[in-house]
Student: 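I have a structure here, written as C-alpha cells, and I will follow up with some questions on it.
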Amino acid sequence: MNKKYGSFYALDNFQTELDSGIYALLGPNGAGKSTLMNILVGLTAPTSGEILFDGKNTEQMGADFRAKIGYMPQYPGFYPGFTAMELMRYMADMKGYPRKERDKRCLELLESVNLTQQRDKKIKTFSGGMKQRLGLAQALINEPEILVLDEPTAGLDPKERVRFRNMVRKLSEKMTIIFCTHIVSDIETIAKEVILIHHGKLVQQGNIPALIKEMEGKVWEILPDADELELLLEQYPRSSLVSRNMQTVLHVVNDEKPHNDAHACEPVLEDVYLYQFGDDSV
Amino acid sequence: MRYEIKKLLFRKEVWIVFVLSIIALLILSFRQPWVSFSTIKSAHMKTAEYYSLSLDEAESKIAEDLKRYGNESDLKILEQMQKSVRSYKKQEENMKNLLANMYHEADHASTEYERRDLEHAIRQYNRRIDYHPCDVQQLNIAFLWLNDFEWLHYLFPLIICTLLAPLFAVESESGMYQILFISKKGKKQLFRNKIISGIICSACVSIIYTLLTFVMFWIRFGLSFQMLFAPIQCAEYYQNCPFSMTIWQFLMLTSLMRTIVGALLTALTAVISSLFNRTAIAFGATVGISGIFIMISRAYANEPDAVLMMKRLGLFRLPILGSYLTEYDTVNVFGYPVEQLWLSVACTCSVMLVLFSAAYILYTLPVKEKRKTVKLCSASKS
C-alpha cells in the first residue's frame, strides 16, 4: 500500500498481515503510523494498494467492514455538552447497536472503564484520562473484531496505564488489536508482535523475543568518566543514561563495541526501538 | 436525530440570540405605533354604533356628536371616524353590488370550474361582511403596523443562521469525525440526520417565531380570537390577495414559507461547512448571502435589470409573505399568469436541491488530511 501527498510518501510500499492478538505499531513521530491507521479505519483512502479483511476488499465491504472496526483516536474530541452516557448512546446508535440492549451495553462499558459515577456528567468536566477511557469505551460498543488504538495511554497516570494495559490484554483474546504508540513500556508486556515503521516503510515485524534476540551483541554498557560522557553521547546517538547502583551508566546500542571498557548486556525492547530509530528519536 | 438537534440547541450563543430576539420583539411591539393606536381604539369604541346605521343616519349622528364635543382632540378623532365610516359604508355598498354581480355570473357560468370559483369568492366576501367593521378597522391598523417592521425579515434568517452554523462543522471542530465517519452508519446516515434535524429546527423556529410575532401583535391590538378566521382580504393591505385564505391560514403559510427558507439556509450551511469545516465561516457566509438576497428581494422597479431578475428568483424572500399576497401578475414560461409565490417556492426548492446535492458530494468525499511535515533531528558531530 502507498500513500502519497504530492511527492512525499507517507506510506511507501507498506505490506503486512495481521491475525488476532495485540500488534504494537511502533515508530517515531512522522513515521506514518497515523496515516496507516486512518487508511486502516477508512478515514483516508490509499493512493494505491488495498486492505483485505478475510480476503475481501474493505473499501468494497463498506458498512460491513465499518461494523467490525472500533477506533480510539489519539486525542478523542467529544461534544462537550454531552454526558458520557449520551455520547455512548449516540455512538451505539451510529454503530447500529440494537436499541433494546443499548443502555445495558453502554453501562457495562462505562463500568469497565471506571466511569459509572461520571456517566451523567458533561464531558467538558472530564480530565484527559477520563476522556481517554471514554474513548476506549465507545470504541468497544459494537464488539469490534479489529480494535485500533492510537496512542491510547497519552494523558493517563501510571495507575491508569496499568489498568488500561490489563484491559487491552483481556480484550485481545477476542479480537485483533492494533496498538499504535511510541512508548515502548506500554506494549512490551502485552504485544504479540511488534511492527516497526519508519518513513512510511515497514522496517521490521516480529514477536518481542525474536526482535530482542536479534539485538544480542549490539547492546553495551559503559561506566564513563565525567569528561568522556558528553563525547560518547554525541558519538553514539542511540544511547541513553541509566542509573545503576548509584552510578550513571551509559547504555549504548551499536553494532560494534563502542569503548574498550564497554561490556555487552541483555537487550530489551527499548533497545530494538533505539536501534531502528535512535538517530531520529533522540 | 435528537442528538443532532441537541448539538445545535445546547449552545450558549443560540440561547443568547433567542432571548435577545424575544426582548427585541417585546420592546418593538410595545412601542407607540406611528398613529396613537389607543386613541383610535377608543374612538372605534365610541363610534361603533355609527356602523350599524345607514350612511345618512351615521353622518347626522356624527354631526350631532361633533357639536356636543368641545374637546379639540375628540373633534379630530370624530372627523377621522366620519371619514372612516363614510369610506366603510361606500365599500360596503360596493361589495354588495359586487356580490350581486358575482351571484349573477355564477348563475350564468359557462363551466363548472368557473361556477365553483365564483361561489368560493362569494363565500369569502360574505365572510368578510360577517365581521364587525370595528374589528376590520382594527385588523387593518394591525397589519399596517406589522408590515412596517422591516427588521422582522432580517431577524428570522439571523436566528436560523446562528442555530444552524455548527450543523456540519461541529464534528471537524471537536474531532468527533474520526469516530463518527467510520461508524457503521457512517457519513451518509450522518448527513441525512443532519439535514433532517436542520429542517426540523428551522420548522420549529419558524412556527415559534411566527406565532410569537402574531400573538404579540394580536394582544397589542386587542384583536378577538374570531378574527383569526376572517379572510385575509379583510385587511386592506391584502384586499387584492389572489389566495382564498383566512388569517389563521396566512399564519400557517407564513410558517411554511419560513420553514422553506430555513431548509434553504440548511442547504447553504451544509455546502459552506463542507468546504471550510468552520462554524464561524458558515455563520458569516450564510448571514451575508441571505442578507444580500433579502435586500435584492426588496428592490423596487427602478433597480437594474439584473437585480430585478434576482428578485424574481425570490430566494430568501419567502418569509416576506406579504409582498407575494399583493403581487401575482407574473407569467410563467408557457405564458400563463401564475402567482409569484409558487414560482418563488419552486425556484427556492430547486436551488435547495442543487445545494443539498453539492453538500452531499462534498461531505462524503474522503477526509482531507494535511500532510504532516516532521522535522527530523539528528545529533551532529559538528
Side-chain angles (χ1 to χ4, degrees), chain A residues 3-6 8 10 28-32 34-35 38 41-45 62-82 86-87 89-91 93-97 122 135 138-139 141-142 148 150 199 233-238 278-282, chain B residues 1-15 163 166-194 196-197 277-279 363-382:
Chain A
K3 179 70 185 175
K4 260 178 100 178
Y5 295 107
F8 173 79
N29 289 329
S34 292
T35 307
N38 284 342
V41 298
L43 271 175
T44 321
D64 288 342
F65 177 68
R66 292 202 300 270
K68 296 176 196 298
I69 282 260
Y71 179 45
M72 177 188 169
Q74 186 172 0
Y75 297 109
F78 300 121
Y79 305 116
F82 276 38
E86 277 171 341
L87 185 98
R89 282 194 191 117
Y90 178 49
M91 288 312 299
D93 286 350
M94 286 303 289
K95 291 182 177 202
Y97 200 80
K122 293 249 165 88
Q138 67 74 29
I141 289 175
N142 53 331
V148 181
D150 193 357
H199 295 314
L233 274 170
E234 246 182 52
Q235 202 174 345
Y236 298 103
R238 296 166 184 162
D279 289 345
D280 290 339
S281 56
V282 288
Chain B
M1 205 97 69
R2 68 190 175 97
Y3 295 108
E4 297 304 326
I5 294 171
K6 187 179 172 174
K7 282 182 217 169
L8 295 177
L9 286 178
F10 284 74
R11 286 156 47 231
K12 269 185 217 153
E13 56 271 30
V14 167
W15 291 102
L163 181 68
L167 186 62
F168 285 87
V170 67
E171 275 74 34
S172 299
E173 285 174 336
S174 66
M176 272 296 282
Y177 75 95
Q178 295 179 91
I179 50 177
L180 281 177
F181 288 4
I182 61 143
S183 63
K184 188 185 174 188
K185 293 191 177 169
K187 281 183 186 179
K188 289 176 186 174
Q189 177 79 32
L190 199 62
F191 182 85
R192 213 174 305 146
N193 287 352
K194 282 180 180 295
I196 297 170
S197 309
N277 288 327
R278 284 284 168 271
T279 301
Y363 195 72
T364 50
L365 281 176
V367 175
K368 278 173 263 166
E369 197 191 11
K370 284 178 192 161
R371 179 184 148 180
K372 291 170 190 164
T373 311
V374 178
K375 197 178 175 186
L376 300 174
C377 307
S378 60
S380 118
K381 283 183 186 175
S382 59

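Naming: A, B, ... by sequence-line order, numbering from 1 per chain.
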Student: For the residue pair B:Met176 and A:Leu87, what are the closest heavy atoms and their distance?
Tutor: CE-CD1, 3.7 Å
Student: Tell me the closest heavy-atom pair linking A:Leu43 and B:Tyr177, and the distance in Å.
Tutor: CD2-O, 4.1 Å
Student: Given the rule in the side chain to side chain contact (heavy atoms under 4.5 Å, CB included) test, do B:Ile179 and A:Phe78 qualify, once you have shown the distances and angles that lead to the verdict?
Tutor: CA-CA 10 Å; B:Ile179 50 177; A:Phe78 300 121; 3.7 Å; yes
Student: Inspect the surroundings of NZ in A:Lys122 and state if more than 12 heavy atoms from other residues, nucleotides or ligands are less than 6.0 Å away.
Tutor: no
Student: Give the minimum heavy-atom separation between A:Asp93 and B:Tyr3, together with the two atoms involved.
Tutor: OD2-CE1, 3.5 Å
Student: Quick one: closest heavy-atom pair of A:Tyr71 and B:Gln178, and the distance?
Tutor: CD2-O, 3.6 Å
Student: Is it the side chain or the backbone of A:Glu86 that comes within 4.5 Å of chain B heavy atoms, both, or neither?
Tutor: both
Student: Minimum heavy-atom separation for A:Tyr79 to B:Ser174, with atom names?
Tutor: CE2-OG, 3.9 Å
Student: Using modelled atom types and a 3.5 Å cut-off, is there a donor and acceptor pairing between side-chain atoms of B:Lys184 and backbone atoms of A:Met94?
Tutor: no
Student: Taking every heavy-atom pair that is under 4.5 Å apart, which of B:Glu171, B:Gln189, B:Lys188 has the most such pairs with chain A?
Tutor: B:Glu171
Student: Please find the pair of heavy atoms, one from B:Ile182 and one from A:Gly42, that lie closest to each other, and give the distance.
Tutor: CG2-C, 4.4 Å
Student: At what distance, to the nearest 0.5 angstrom, does NZ of A:Lys95 lie from CG of B:Leu180?
Tutor: 9.5 Å
Student: Who wins among A:Pro80, A:Ala10, A:Pro73, A:Gly32 for the most heavy-atom pairs under 4.5 Å with chain B?
Tutor: A:Pro73
Student: Counting only heavy atoms closer than 4.5 Å, note whether A:Ile141 contacts chain B via side chain, backbone, both or neither.
Tutor: neither
